[in-house]
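In what follows, a single structure is set out as structure tokens and then discussed.
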Amino acid sequence: MDLSRINLNLLSVLQQLLVLRNVSAAARALNLTQPAISRSLSQLREQFDDPLLVRVGNQMQLTPRAEELQRQLPPVLQQLEAFFTPGHFNAEQFSGRFNIAITDYIAEHILPALIGQLSAEIGGLRLHFHLWEPGMLADLREGRLDLAACVLDEVPGDIHGREAGRDSYVCLMRREHPLCHQTLDLQAYIEAGHISISGGGDKNRAVDDALSRRGLHRSIRVSVPFIQAALAFTAQSDLLLTLPAHMAHALAASFDLTVHPLPFAVEEVRYYLLWHRRQQHDPAHRFIRERFNEVLTSSPFSRLPQQKS
């Protein structure tokens, strides 16, 4: 059959004719004229090669073919409606895997409650997490990643990005550090040794770029992929650790560290939730990313603590 010859609008007319068995009543139900319904009935009779409705006395009766169509048509119309209607996410029926890139800070401090909720709500959901690196933009483009929560300067045009927050940088040191009880100036900061965090995106470049513009650079003595390890190393050494302020204030007390403002200006760090544009309208992806965005923007670990009055 040549599908191009099929007028889908005729199916709604057919539905009303099969139910009402009256051309005038079908016209009123569809807000059309009686001649328009009569023309549609003629087309339907030609399409199905059957009279469909025949007059018996004062009433119109269905032919055997029309009775068969009456049974078949409702599910067909439901499927067509579902086909042309934006999908809705069904948590009970969903089964699938999401590959998501995040930082270790997000994994440890922001996501645990959400993961507990999602695992209880969606029995068929499988989440596989990766430690974010800037090169993973290619994984988003090529479908190896479904979602990423990360630090980024600028979102590429083919990637959808929702900004989850911004922050400034501060410096952490142990309470017994020789610089702890004096104002941290630029010279002291440069002369000290530093710890950098190599995993989970570029947390160092903005700081180093700000120093480079002044013709300066700092000495990175230790590089480690994980924020918890960097904090532990800082607590047991005279090395300095530079972090976004909300992370520093959230974790400093646990390692008996003190927080100090930087003695120079650094461009704000920006946090994004990223996905490829081909997944923009996928119901399951939309559901998951909305839940991630909600927790990323509302978690107490995502922002600076309220100042006490």
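Fair warning: this is a prediction, and the values are worked out from it, not measured in the lab. Throughout, residue positions are numbered sequentially from 1 according to the sequence presented.
The CD atom of E67 lies 8.5 Å from the CD atom of Q61; values are rounded to the nearest 0.5 Å. Here CG of D50 is found 3.5 Å from OG1 of T63. Values are rounded to the nearest 0.5 Å. In this structure, OG on S168 lies 11.5 Å from CG on L243, to the nearest 0.5 angstrom. Between the CD atom of Q279 and the CZ atom of R289 there is a distance of 8.5 Å, given to the nearest 0.5 Å. Distance check, rounded to the nearest 0.5 Å: OH of Y272 to CD of E163 gives 4.5 Å. The line from CG of L147 to CG of L273 is 4.5 Å long, rounded to the nearest 0.5 Å.
Cluster membership for L262 and M173, using ILVMFWY side-chain heavy atoms within less than 4.5 angstrom, is shared. Hydrophobic cluster membership is shared by V151 and I195, with clusters built from Ile, Leu, Val, Met, Phe, Trp and Tyr side chains linked at under 4.5 angstrom. Residues V295 and F287 share a single hydrophobic cluster, defined by chaining ILVMFWY side chains whose heavy atoms lie under 4.5 Å apart. When the side chains of ILVMFWY residues are joined at heavy-atom separations under 4.5 Å, either directly or via intervening members, L41 and V54 end up in two distinct hydrophobic clusters. Linking Ile, Leu, Val, Met, Phe, Trp and Tyr residues whenever their side-chain heavy atoms come within less than 4.5 Å places L251 and Y271 in a single cluster.
Clustering of Ile, Leu, Val, Met, Phe, Trp and Tyr side chains at separations under 4.5 Å places V19 together with L20.
No salt bridge links R71 with E68; every basic N to acidic carboxylate O contact stays at or beyond 4.0 Å. Taking 4.0 Å as the cut-off between side-chain N and carboxylate O, D153 and R270 do not count as a salt-bridged pair. Salt bridge annotation for D139-R144: present, with a cationic side-chain nitrogen under 4.0 angstrom from a carboxylate oxygen.
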- request: Determine, stepwise, if the pair L62 / Q70 fulfils side chain to side chain contact (heavy atoms under 4.5 Å, CB included).
  value: CA-CA 9 Å; L62 303 183; Q70 191 176 37; 3.4 Å; yes
| task | Please lay out, stage by stage, how L257 and R175 fare under the test side chain to side chain contact (heavy atoms under 4.5 Å, CB included). | result | CA-CA 6 Å; L257 300 174; R175 291 189 182 277; over 6 Å; no
- Candidate pair D158 and R141, rule salt bridge (Lys or Arg N to Asp or Glu O under 4.0 Å), full reasoning: CA-CA 8 Å; D158 61 333; R141 291 187 175 100; 2.7 Å; yes
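Residues N9 and V13 are not in side-chain contact: their nearest non-hydrogen atoms beyond the backbone lie 4.5 Å or more apart. I37 is listed as a side-chain neighbour of L17, based on a closest heavy-atom distance under 4.5 Å. Within the 4.5 Å cutoff, the side chain of L241 has heavy atoms near those of the I197 side chain. Counting heavy atoms from C-beta on, the side chains of V170 and T242 never come closer than 4.5 Å. Side-chain atoms of T258 and L172, non-hydrogen and from C-beta on, never get closer than 4.5 Å to each other. Side-chain contact between H260 and C180: present, with at least one pair of heavy atoms (C-beta onward) separated by less than 4.5 Å.
Shortest non-hydrogen contact noted between F89 and A284 is CD1-CA, 3.4 Å. Residues L179 and L184 approach most closely at CD1-CD1, 3.8 Å, considering heavy atoms. Between A66 and L52, the shortest heavy-atom contact is CB-O, 3.2 Å. Residues V259 and A248 share a closest heavy-atom pair of CG2-O, 4.1 Å. Here the closest non-hydrogen pair linking R286 and Q280 is NH1-O, 4.3 Å. Heavy-atom minimum distance, R45 versus L53: NH2-O, 2.7 Å.
Within the structure, every pair that satisfies the ring-ring contact (aromatic ring centres under 6.0 Å, His included) test and touches residues 186-213, not counting sequence neighbours, is listed here: Y189-H194, Y189-F264. Within the structure, ring-ring contact (aromatic ring centres under 6.0 Å, His included) pairs that include any residue of residues 24-54 do not occur (at least two apart or interchain).
Annotation for D49: atom CG does not count as buried by contact number, only 12 or fewer foreign heavy atoms lying within 6.0 Å. Annotation: Q72, atom CD; neighbour count of heavy atoms from other residues, nucleotides and ligands within 6.0 Å is above 12.
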Considering only distance and modelled atom types, tabulate donor-acceptor pairs under 3.5 Å from the side chains of residues 211-222, sequence neighbours left out.
residue : atom : partner : partner atom : Å
R214    : NH1  : A210    : O            : 2.9
R218    : NE   : D208    : OD1          : 2.8

Under 3.5 Å, which donor-acceptor pairs do the side chains of residues 101-116 form with other protein atoms, sequence neighbours left out?
residue : atom : partner : partner atom : Å
T103    : OG1  : I106    : N            : 3.2
D104    : OD2  : I227    : N            : 2.7
Y105    : OH   : F301    : O            : 2.6
H109    : NE2  : Q228    : OE1          : 3.2

Identify all side-chain donor-acceptor contacts of residues 230-237 below 3.5 Å with residues at least two apart in sequence or on another chain.
residue : atom : partner : partner atom : Å
T234    : OG1  : A230    : O            : 2.7
S237    : OG   : F233    : O            : 2.8
S237    : OG   : L239    : N            : 3.2

Just list the side-chain donor-acceptor pairs under 3.5 Å for residues 120-131, sequence neighbours left out, or say none.
residue : atom : partner : partner atom : Å
E121    : OE1  : R291    : NH1          : 2.8
E121    : OE2  : R291    : NH2          : 3.2
H130    : NE2  : N99     : OD1          : 3.3

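For N22, there are no side-chain hydrogen bond (donor to acceptor under 3.5 Å, both in side chains) partners two or more places apart in sequence or in a different chain. D167 is linked by a salt bridge (Lys or Arg N to Asp or Glu O under 4.0 Å) to nothing, counting only residues two or more places apart in sequence or in another chain. The salt bridge (Lys or Arg N to Asp or Glu O under 4.0 Å) test applied to D209 returns R205, not counting sequence neighbours. Considering only residues two or more places apart in sequence or on other chains, E267 meets the salt bridge (Lys or Arg N to Asp or Glu O under 4.0 Å) condition with none of them. Among residues two or more places apart in sequence or in another chain, the salt bridge (Lys or Arg N to Asp or Glu O under 4.0 Å) test is passed with E154 by none.
Here the side chain of R174 pairs no donor or acceptor atom with the backbone of L240 at under 3.5 angstrom. Between the D146 side chain and the H285 main chain, no donor and acceptor come within less than 3.5 Å of each other. Put simply, the side chain of R277 never gets that close to the backbone of I159: no donor and acceptor are under 3.5 Å apart. Side-chain atoms of S302 come within 3.5 Å of backbone atoms of L296 as a donor-acceptor pair (strictly under, hydrogens ignored). When atom types are taken as modelled, the side chain of T297 and the backbone of E294 share a donor-acceptor pair closer than 3.5 angstrom.
Inspection of the E191 and Q187 side chains reveals an N or O donor paired with an N or O acceptor under 3.5 Å.
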